[in-house]
Each structure stands twice: as structure tokens, then as C-alpha cells.
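So the structure is just underneath, and the comments pick up after that.
Because the structure is predicted, anything quoted here is derived from the model rather than measured.
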Amino acid sequence: AAAPHREGSASPERRAASGEATGGKVVALAGAEDGATGKKVVTQSASATLAGDYQIPLGTFICAGTSAEVVQRVLLRWGWEENTDPSSKVFDLKWATQSKLVDHLMVPQAQLVNHFRGADVLNHKSKMARYLEQCRGCADMFFPRQYCVYNAKEFRRFLDDYILTQALVCLRHGAGEDGEAQKDASAGRRAAISVLRRQKPDGPELPPPLRCAHECEALLGSGSQLPPKQEVVLRPRVATFLEAGHASDSCPGCCMAAGAAAPDGDDGVEGATAEALLSAASPRQEELAGPAHAWVVKDPCLSRGRSVTVLSGLRSILTQCERCKSCGLHWNCIVQKYIERPLLVPRQDGSSAAKADLRAWVIVLDWNPLIAFAHPDVYFRVATRPYEFHGSGKAETFAHATNCRDEDNRVTLRSLLASLGPSAPQLWQERTWPQLLDGVRASLLAVRDGVVGVDMDFSRRRKAESPCGPNAFELFGFDFAVDEGWKPWLLEANTSPDMLRGCEVPELQAWSEEATETMLKMALAYQAKRLQVPKPSDLEARPASPGASPTSPPRRVERLFRADLASCPGHCGGHCYGSVVAQVPECLVEGLDIGEPCGGWRLILRERLLDPTVIWKNYEEQERARDWAPGLDDNLTHARVLREWLLPMPVA
């Protein structure tokens, strides 16, 4: 019996004419027509990387969700028919702005969607960080360290990081957080020296870095640093702590007590000790540090700048964390180190310079083998307020969160580089761009087993008679900040990135249209097995620059990772994705143009096919090793961590 026609679906006649999910008629993107049949066809110019001319079949599409107007325009211009029922399974291509709208689908492989099952791990801030930090040595090179403070273990690690970093800031800049309230001008330096001397490697039994109320006051400021609700819960302990801070003789072993000598016995040696500690401390990601000691607090699940707050001062940070509630869970937020020395760009009104970050579009056509393209025409978002800090507390949102804006602040790469002087294009091409691509490659490689493992798990649970599709591709928006040395730092990755529908910059609107159209061509050509991506062996034999001979030396560019990274002492070993990135063929370092139909898109990653059993084994190991889930240590709570780390009892 024929299936009933559903409102909003393509009619049976139309589906028969278009060849539903199989390819029947074909549509001419350039307006060409087959003289023999009268059918519209699209014929792209052949290149060395394509198996001759190819055709894109006419089909039916669904756009589910919002912000898909560009995709809709392109497909309608091609002559495709829109199915307006978002829940229908009658489509050749379904574009959904939320992965949950397609993840459950079980349809034939001939149908195509724009999300891979499991790929939302890149969109979830704490999950992505968990995969990246399988190799902390690699992650520290391009991903600002962050902590999911909902988990008490992570919360303890954050406090330890904050206190040790504050000690280094104090030695460099000569004051604690509460410089005006310090009883002694050198109190902060004394406390910092004492804390850094006791610094221990990170481990499960991490001792509190602060020993007494005097050190807390000198380094973190006077009074309790606890957030309001926890201060009420721990009121008796807070009272004892504050009394100890006011009593100069209650802590006889403390170097902060009245009349105590400098940590080395005399003030003349204190400066030398501070310099020695600074040179020996080897702080994590020193490029991110600054006098404000600022951190970002954000929801792990939200995007578009929602919930992003830049703060300095420990009490302000903890108060914001205590207020956070995501997915029904209190304290469910991410705390990430803020980049305090960003690349600053001139503002159009001639006032003080502003910070800027960028978004790069990346397409993944397959996860095994991993095949990814990036578009070199990134765009920047310039903050709408001058870059500055005003003491502790919440910073001006529009000065630091560039995707929170009260005016359109997006600019093209070309216009931004033009505003930064004649050396900017070379710095971008030889340092920022290749390192940015390395960061993208590292992120994709880090999560690959997790993404493929989720899909394999779904397939194993599926009934044997169920269809094994759909096939998929996916567009990601990778957000990077750039520091004053032109080094890119990954902030986050977004599924279904903004397609610039409300952008007021004509150049960016035109770019979005062109990039989207070529992306869809690539996805359909790869689906039809007509896009022949070069094999890894062929890429290894190619010269780094087009037109160069295989024996000519490649242009010098700066990379994120060394080729021998995995063998470095103390590195991560088996999970080192950085060493894989360092060994990509030279022709992919800055992206490779493989010709039509890819337009401006550049191939940046082409891995070999991996044994699925190996991927599944890695996926199972990763799932077992998760230490971010709640309930792993029932005895460790936020109250206990705050009591031990920020309310230390006087030394006996």
C-alpha cells in the first residue's frame, strides 16, 4: 500500500520525479541543460583531484531549527524542493541546527544530514576539555586550562591553580589581591615565597597551599574569600579563621606574624629568593598571565556568549560559580583562565585599543578516515569597548566577551590585518594560521575515538533489520583568541555555527553564501563518492607549496607541536595527539587547495582508515577513565574543599 501523503512532505509524484534519496533528475547550478534529455544538469570543471565531471542530483531538503536561511537559499536556487515538515523522513538532505533533531534517525545511507552522532562532544565545553586533557602537555600548548567546578576534585584543582598563580602574580607585580589592606608592603611577597616553596606536584592527595589566616590575608585579601551561601554554612569555622587573622601571636611558626623574619632570614635575600622561585616555578601557560589574574566563568552547555562572565578576585569568581545552575545542577559551570595579554586592534572611533578573537569554519566529511577542510577566510569579532580592567569583580562584558555585542562587531581578516601594520599579514601567514590549523587538527584527533565510538555504540544497539544510515557531514565554528605574540588559543568549538544571517558587513555576507554553497557541493560529491580526496601516500609525496619541486625546502612556518613530542620526558605517551599533528604532510600545514568543487576550502587533515576494533577499545577505555563525573569521591564536597583550602587553621 502506498504511504499516505503528509502535509508539508513532497508529493509521491514529485518524489518519483526527483528520485527520492537515489538521485534521479539533476539540477544545473550554472543553468546548463542536457540537449538529449532536456533535464537540467550541473557540470563542474574537472581537476586532477576529481574523477572527471560529476552531477548533483535534484532532491528534497528539510531545514529544521533556526538560522538556516543561507542553506535554504542555496538549495532553492539549485532547484531543490523544500519539505516543510521537520519530523518527516522524506528528504535527501536534512539541515538541522540541533543535533538532537537528527541523532535518532534510522534511514537509508543514501540520505544525508549535517550532524555526526557523538560530535556534540566538541560543542560541550567540559567534555571537549576532558578529551583534550588526555594529553595535558599537548592541551597546554593551545587550550587555556579550565576546570569543571561542579566536580569537587576539579574544584580543588582550580583553587590550587588559582592560589599558586596568584603567588606568581604577586612576586611579579609586588602586591596581593588586596594591596591597600595589607599590613606590610612585603607581606604579599613573603606569603608568595612561602607558598611557592611548598609547591607540590599535582596528585590525588594534594595538600592545601595556604597554611594559616595570615597567608590567606596577605595573598588573597582581608576577610573570608568564601561565596555568600557557603560562608553561612561554615560560619563557625569562618569566625575562628577571622579571629586568627587578627591575632598576631596565634601563629608562632608563620613568617607573616608580627616581627617574623623574611623567609630567608633577612630582607636582602628575599629578592633573590623571589627571582629564583620565578625562574624555577615553570607556571602552566605563562603567556596567559597578567596582573588582573582574571578568569572566565561560563555555562558548559550554552553558546553565543550566553553566561560568559570575566572576573578577577577569588571571592567574585566563587560567588559567580555558586550562583550558576545548569541542567538543574548547582555549581555546574566552567572556570577557564582568561588571556590577559591579547592582541589589541585599533578601534574605529580612535579610542583605546580593543581585543579581538576570531571564528574559523571547519568541515568534517568523515571521522574514519578523518577528513577535514578549513576555510582560510576567517572573520574577527572586535570588542565594542576598550580593553581594560578596573580592580576586582566583574569586568565590562562588552570589553572582553566579543560575541556579546550591542553593535555588529564582525570584520574580515583582510581589513583587520590592514589595521595592524605592514608586518601583520606575514605574522598571520607564518605563525597564527598554521598554529590555528594545528589546534583544529589536535581537537579533531583528540575526540575522534569518542565520536566514532558513540556511533558504533548506537549501531550495536540498532535492530538488525533497521537502516544503517544516514550518512553525515558537519560544519563547526572554531573560536580562537590571539595573544600579543600572535599565538592562537582555542576557546571553544561550536556545532551549527552562526551563518552570519544578521551580519551588516556585505563582504562577510557574500563570503558566507559562497562558503556554504561550496560546502554543500563538497558534502554531496563526497556522499556520491565523486570527490576524490588525495590518499595519504599521495599527500606525503607532494611539495609543501604549489608549483614547488618535491626537493625544494618548504617555507618556514611556526607549528604548535614538535615531531618528537611523544618522546619528551614527562609527556603523555600513548594519548599524544600533538605528535600526530606534527607529522601531517607538509602540503597540509597551511591547507591544500584540491580544486573544484571545494572553492576556497582547504584540505587540512586526511588520515588513514583505522581498524574499528581499535577505535572501540579506545572508546571503552576513555569511558572507563572518566574522572569528571560526580559521585567519584563521596567524601569530597565543595564545603570541605573550601574549608581546607581557604579557611586553614593556625599552625600549632
Taking all non-hydrogen atoms of both residues into account, name the closest pair between [X] and [Y] and its distance.
X      : Y      : result
Leu75  : Leu93  : CD1-CD2, 3.8 Å
Gln527 : Leu112 : OE1-CD1, 3.9 Å
Met522 : Ile363 : CE-CD1, 4.1 Å
Phe380 : Ala356 : CD2-CB, 4.2 Å
Leu531 : Tyr526 : CB-N, 3.8 Å
Leu539 : Cys587 : O-SG, 3.4 Å

- Task: Give a yes or no on whether the ring-centroid distance for Trp361 and His375 is below 6.0 angstrom.
- Result: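 No; His375 has its ring centre 6.0 Å or more from that of Trp361.
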- Task: Go through Trp433 and Val378 one step at a time and tell me if the side chain to side chain contact (heavy atoms under 4.5 Å, CB included) criterion holds.
- Result: CA-CA 10 Å; Trp433 177 242; Val378 306; 3.9 Å; yes
Is [Y] close to [X] at the side-chain level, that is, under 4.5 Å between some pair of heavy atoms?
X      : Y      : answer
Gln336 : Lys125 : no
Ile594 : Pro534 : yes
Phe143 : Met128 : yes
Asp366 : Leu370 : no
Leu436 : Leu358 : yes
Glu430 : Trp486 : no

Is the backbone N or O of [Y] less than 3.5 Å from a side-chain atom of [X], with the two atoms forming a donor-acceptor pair by type?
X      : Y      : result
His115 : Ala96  : yes
Asn618 : Asp449 : no
Asn114 : Glu474 : no
Thr518 : Glu514 : yes
Arg559 : Val581 : yes
Arg441 : Val589 : yes
Thr432 : Pro488 : no
Arg117 : Val454 : no
Gln509 : Cys503 : yes
Gln134 : Tyr131 : yes

Salt-bridge test for [X] and [Y]: reply yes if a basic N is under 4.0 Å from a carboxylate O, no otherwise.
X      : Y      : value
Arg530 : Glu596 : no
Lys337 : Glu340 : yes
Arg145 : Asp140 : no
Arg73  : Glu513 : yes
Lys535 : Asp538 : no
Arg77  : Glu517 : yes
Glu287 : Lys487 : yes
Asp357 : Arg381 : yes
Asp498 : Arg410 : yes

Distance, nearest 0.5 Å, that separates [atom1] of [X] from [atom2] of [Y]:
X      : Y      : atom1 : atom2 : value
Leu603 : Leu592 : CG    : CG    : 6.0 Å
Glu484 : Ile339 : CD    : CD1   : 11.0 Å
Leu560 : Gln435 : CG    : CD    : 4.5 Å

- Task: Give the C-alpha distance, both sets of side-chain angles, the deciding distance and a yes or no for side chain to side chain contact (heavy atoms under 4.5 Å, CB included) between Leu444 and Val451.
- Result: CA-CA 9 Å; Leu444 297 176; Val451 174; over 6 Å; no
Tell me whether the rings of [X] and [Y] are parallel (<30°), tilted (30 to 60°) or perpendicular (>60°).
X      : Y      : result
Trp616 : Tyr619 : tilted
Phe476 : Trp367 : perpendicular
Phe473 : Trp95  : tilted

- Determine, stepwise, if the pair Asp483 / Leu343 fulfils side chain to side chain contact (heavy atoms under 4.5 Å, CB included). CA-CA 5 Å; Asp483 67 21; Leu343 179 69; over 6 Å; no
- Task: Under the side chain to side chain contact (heavy atoms under 4.5 Å, CB included) rule, what do Ile334 and Val297 come out as? Steps first, then yes or no, please.
- Result: CA-CA 6 Å; Ile334 298 296; Val297 179; over 6 Å; no
- Hey, are Gln146 and Glu133 close enough side-chain-wise for a donor-acceptor pair under 3.5 Å?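 Not at all, the side chains of Glu133 and Gln146 share no donor-acceptor pair under 3.5 Å.
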